Amino acid sequence: MDSSRVERKIFANLSTLPAEPVIWWQKTWWSRVAFLELADACEKVLRASCFKEGQRIALLLPNCPVFLAEAVAVWRLGGTIVPIDFRCGYVSLIKQLKHADVFAAITFRGCQNLVPLISEEGIPCVVTPLDAPCEVIAGRPSAEESPDTAVIFYTSGMTGEPKAVPLTHKNLLSCIEACTAHISELAGEDDTALNALPNFNVFGLVCGALVPLVNAARQVVLPTFMPPAASMDAIRNAEVTIITAVPTMVSLILGAVARGSAVPHSLRFVLSGGDKLPEVLARRASETLGVPVVEGYGLTEASSVVSIAPGLNKCRPGTVGTLLPCIEAEIRDEEGKVLTAGEEGRLWIRGASVASGYYRNPELTEKLFVNGWFDTGDIARFDSDGYLSLVARTSDVLFVGGFKVYAQEVERVLMEHPAVASAAVVGVPRSISGEIVKAFVVPRKGAKVTSKELVESCRKKLSYYKVPRIIEFLDKMPRSSIGEIVKRKLEKD
């Protein structure tokens, strides 16, 4: 059997031992055959709807069985899924649907109000149950493109303007297989993974959903991680062994335990990604949960994972592990010269899991994809053992009086203060110094701290030009769907 496509891998693995459980949904285990039957039913509806090879279907859905089944069904017909955050706002939503030139959009009862709005734009939109196929779709004509493209993700990155990243079946399988080879403990048939990160995000879909499906592991599918106490109940009852999380989720888990939720005894490790995991949070989580917390690094353009520790006992604090075997990387200076171990510069990557460009955006593709290499926009360095450390994004480098200031370094020092729950640093333009450092801080619940106290704390650990000149306190940070702090919103404010 040709296993070069994701859905063929899934069907090949799940067709064996059909009675084995594979998906926990609404406190009930679904068997492998039950999930495959749902995928078959979804495929039958798409065929009846005259969906053609190379067309695209938008999924405006939370994590649920039908999301995964629709993906498999679309892929079996040679189509592409376009997962979109249904909470992203009407203007952005319509822009993405039109840009992707979708055959139709599938949503759920919680977003019924979107149906007439989307339909008015000439895009058919149907409502589906979360665990059963929708009715036949009266789709629209749309371009028939490469059947090799499995998914198109919309990601704003640091610019705020959505970029469409097309990932092929080869990209996805290369990442999944490389992850499994790199860290053998990732997901086996005896494991149960938590799939609670939004599947319209590459980290959630690939690591939360597809890694377990391709490896025939079990997964607990949650539409949302909120409230944390209910999610912790599901983790315990389904005996989850692997939690895929972002730092915000890790913090919520610790909060739930502090309020009385029992630590799940089945847990083997936590995989954190999507944003920088503060070392103090990683340490607290490992001590509280009694398991390793493994931090990885990835990008949508690299099918979610670039590097991760090569084993549960091979984590190195302050790093995001070593490169996956399918990835090559170089650290370059601003002139493009390749730097050596220990030197900081721009991180460029290439490999089988890396996209070849942006969808319908030749200008940006030409700028960031150069001679087979992709410019990640991150400032990083490798040590002599090949462990990768992230210093900052290029957009997170401030210039204060001619000196470079990495926002992440200042944020790390602020986070070391016991009264600080989260921190974000930006540059504020000044005519004389170029920029000054401004920090946004969310205090820990019940903690009291002043700007003066935080400035004094920073002065003890940072050079004078790195110390925040302005500190603004917030009740909460603006965050993306996977918990990343959205600094452009702070800068606007």
Side-chain angles (χ1 to χ4, degrees), residues 155-160 163 247 272-279 295-302 304-308 316-324 327-351 354 364 367-370 373-415 423-428 434-439 458 461-463 465-468 480 484-488 490-491:
T155 173
S156 59
M158 299 301 293
T159 64
K163 299 173 292 186
S272 178
D275 200 1
K276 178 65 179 173
L277 179 68
E279 288 184 44
E295 184 177 9
Y297 159 70
L299 302 153
T300 304
E301 291 86 347
S304 81
V305 182
V306 170
S307 65
I308 192 173
R316 188 168 293 185
T319 78
V320 287
T322 57
L323 294 175
L324 295 187
I327 293 282
E328 294 179 71
E330 290 182 349
I331 303 295
R332 304 180 186 176
D333 64 17
E334 294 300 322
E335 285 71 46
K337 177 186 173 183
V338 178
L339 305 177
T340 58
E343 294 185 285
E344 295 175 356
R346 296 174 75 100
L347 176 66
W348 290 73
I349 61 172
R350 69 179 178 184
V354 180
L364 193 59
K367 179 181 178 182
L368 297 181
F369 291 84
V370 181
W373 290 87
F374 172 66
D375 179 4
T376 67
D378 289 317
I379 305 297
R381 65 175 176 271
F382 285 100
D383 66 16
S384 57
D385 296 321
Y387 279 77
L388 178 65
S389 294
L390 299 177
V391 179
R393 290 196 60 88
T394 51
S395 55
D396 267 355
V397 180
L398 287 54
F399 290 88
V400 179
F403 295 101
K404 280 186 179 181
V405 176
Y406 294 117
Q408 198 171 85
E409 179 187 6
V410 183
E411 291 162 357
R412 184 172 62 250
V413 169
L414 286 165
M415 288 290 294
V425 166
V426 301
V428 177
E435 291 180 295
I436 61 171
V437 180
K438 179 178 181 179
C458 288
K461 302 176 182 179
L462 295 169
S463 300
Y465 57 89
K466 298 179 181 179
V467 176
S480 69
E484 295 174 301
I485 296 174
V486 184
K487 289 191 178 181
R488 63 180 181 275
L490 295 174
E491 291 166 346

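Residue numbers run from 1 in the order of the sequence given. Computed from a predicted structure; not experimentally measured.
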Tell me the closest heavy-atom pair linking [X] and [Y], and the distance in Å.
X: E411; Y: V425; result: OE2-N, 2.8 Å
X: M415; Y: P278; result: CE-CG, 3.9 Å
X: A329; Y: I349; result: CB-CG2, 4.1 Å
X: C458; Y: L414; result: SG-CD2, 3.6 Å
X: D383; Y: D385; result: OD1-N, 2.9 Å
X: A392; Y: Y406; result: CB-CD2, 3.6 Å

Worksheet item: Could you go step by step and tell me if L462 and V410 meet the side chain to side chain contact (heavy atoms under 4.5 Å, CB included) rule?
Response: CA-CA 8 Å; L462 295 169; V410 183; 4.2 Å; yes
Item to complete: Determine, stepwise, if the pair W348 / T376 fulfils side chain to side chain contact (heavy atoms under 4.5 Å, CB included).
Response: CA-CA 6 Å; W348 290 73; T376 67; over 6 Å; no
Worksheet item: Does the pair K337/E343 count as a salt bridge with the N-to-O cut at 4.0 Å?
Response: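 Looking at K337 and E343, the cut-off is not met.
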Worksheet entry | salt_bridge(E301, K163) N-O dist < 4.0 Å |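 The answer is yes: the pair qualifies as a salt bridge.
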Practice prompt. Tell me, yes or no, whether the heavy-atom count around K367 atom NZ, taken from other residues, nucleotides or ligands under 6.0 Å, exceeds 12.
Written response: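 No, because the 6.0 Å sphere around NZ of K367 holds 12 heavy atoms or fewer from other groups.
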Worksheet item: Tell me, do L324 and S307 make a side-chain contact under 4.5 Å, heavy atoms counted?
Response: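 SC-SC contact between L324 and S307 ruled out.
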Worksheet item: Are any of the side-chain heavy atoms of L347 and F382 separated by less than 4.5 Å?
Response: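 The answer is yes; the side chains approach within 4.5 Å.
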Rounded distance (nearest 0.5 Å) linking atom [atom1] of [X] with atom [atom2] of [Y]:
X: K461; Y: R412; atom1: NZ; atom2: CZ; value: 10.5 Å
X: D396; Y: K487; atom1: CG; atom2: NZ; value: 3.5 Å
X: L368; Y: D375; atom1: CG; atom2: CG; value: 5.5 Å
X: L277; Y: S272; atom1: CG; atom2: OG; value: 4.0 Å
X: W373; Y: R350; atom1: CH2; atom2: CZ; value: 4.5 Å
X: E279; Y: E295; atom1: CD; atom2: CD; value: 8.5 Å

Worksheet entry | Matching residue for Y297 among D275, T319, D378 - test: side chain to side chain donor-acceptor pair (under 3.5 Å) |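 Going through the options one by one, the only one that passes is D378.
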Item to complete: Take T322 and L388 through the side chain to side chain contact (heavy atoms under 4.5 Å, CB included) test and state the conclusion after the steps.
Response: CA-CA 6 Å; T322 57; L388 178 65; over 6 Å; no
Discussion item. Assess the residue pair I308 and V320 against the criterion (side chain to side chain contact (heavy atoms under 4.5 Å, CB included)); give the C-alpha distance rounded to whole Å, side-chain angles, the decisive distance to 0.1 Å, and a yes or no.
Written reply: CA-CA 6 Å; I308 192 173; V320 287; over 6 Å; no
Fill in: Check: F399 main-chain N/O paired with E435 side-chain donor or acceptor under 3.5 Å
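Yes; at least one donor-acceptor contact below 3.5 Å.
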Discussion item. Using only atom types and a distance under 3.5 Å, with no angle test, would you say the side chain of S389 pairs donor to acceptor with the backbone of R381?
Written reply: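 Flag not set: sc S389 to bb R381 has no pair under 3.5 Å.
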Practice prompt. Can you label the angle between the F374 ring and the F369 ring as parallel, tilted or perpendicular, going by 30° and 60°?
Written response: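 Rings of F374 and F369: tilted, as their planes differ by 30° to 60°.
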Discussion item. For R346 and D333: C-alpha separation, side-chain torsions, deciding distance, then whether salt bridge (charged side-chain N to carboxylate O under 4.0 Å, His left out) applies.
Written reply: CA-CA 6 Å; R346 296 174 75 100; D333 64 17; over 6 Å; no
Discussion item. Out of the candidates I379, V397, L398, only one should pair with K404 under the side chain to side chain contact (heavy atoms under 4.5 Å, CB included) rule; please name it.
Written reply: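 The single option meeting the side chain to side chain contact (heavy atoms under 4.5 Å, CB included) with K404 is V397.
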